Amino acid sequence: MRRFLKSFTSDRILALALLLASCGAFCAALNLRLSDNAVNAGTFPLIVSAAFLLFSGLNTVFAFRKKADAPKGSLSSVLWVGALLLGLSAGLLLHVPFWIVCPVFLFVASFAVLKQAWLPSLLSAAVTTGLIYLVFAVLFRVPLP
């Protein structure tokens with residue numbers, strides 16, 4: 001039993017928490033969706049929550065397949081820094097355009113907090129910002145701050 005409990009590292013606990021949250025988001029999105037088959041206001045939350053469920057499921061599988069290694073930092077410090085970055089970027093969105101705040105936030109979160117290499121962090125920040133802009137501003141015509 002002790003060995004089983006030691007196998008739950010912070011990566012695995014966080015992966016399970018994200019999987020649980022994504023299940024809840026998907027169920028909530030199903031309730032928003034109307035019964036007809038047309039595209040309506042409940043379609044986008046359903047698509048996003050389904051993607052969130054898929055990626056959190058994959059994250060959980062990969063977290064449990066890899067060997068538990070020594071943690072790079074404590075989970076609480078990563079969560080506090082992440083919450084601080086999120087609050088700071090949300091405050092900056094009132095005064096600075098989205099296309100500046102989003103890639104900077106994603107790069108700092110990936111590079112400084114998660115300790116990823118700088119080039120993949122930069123590329124993923126740019127691609128994610130571009131995809132968000134494409135989906136919201138171009139496809140759904142939602143104005144971004």
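The basis for the numbers below is simple: all heavy atoms, side chains too, and nothing from hydrogens, waters or symmetry mates. This structure is a prediction, so every number in the text was calculated from the model and none was measured. One-based numbering along the sequence shown.
Contacts of L92 classified as side-chain contact (heavy atoms from CB on, under 4.5 Å), with partners at least two apart in sequence or in another chain: L88, V96, V101. Applying the side-chain hydrogen bond (donor to acceptor under 3.5 Å, both in side chains) criterion to S22, with sequence neighbours excluded, gives S56. Remark: L84 pairs with no residue by the side-chain contact (heavy atoms from CB on, under 4.5 Å) rule, at least two apart or across chains. By the side-chain contact (heavy atoms from CB on, under 4.5 Å) test, F26 is found to be paired with L30, L46, S49, A50, L53, residues two or more places apart in sequence or in another chain being considered. Residues that satisfy the side-chain hydrogen bond (donor to acceptor under 3.5 Å, both in side chains) test with T60, not counting sequence neighbours, are absent from this structure. Annotation: side-chain contact (heavy atoms from CB on, under 4.5 Å) contacts of T128 (sequence neighbours excluded): L106, I132.
Within a 6.0 Å sphere centred on CZ of F52, heavy atoms belonging to other residues, nucleotides or ligands number more than 12.
Linking Ile, Leu, Val, Met, Phe, Trp and Tyr whenever their side-chain heavy atoms come within less than 4.5 Å puts V135 and Y133 in one cluster.
Note that CZ of F55 and CG of L19 are 14.0 Å apart. Values are rounded to the nearest 0.5 Å.
Of all the heavy atoms in W118 and F107, the pair that sits closest is O-CE1, 3.5 Å. Across S121 and S124, no two heavy atoms sit closer than the pair O-OG, 3.1 Å. Summarising the geometry of F98 relative to T129, their closest heavy-atom pair is CE2-CG2, 4.2 Å, with the distance given to 0.1 Å.
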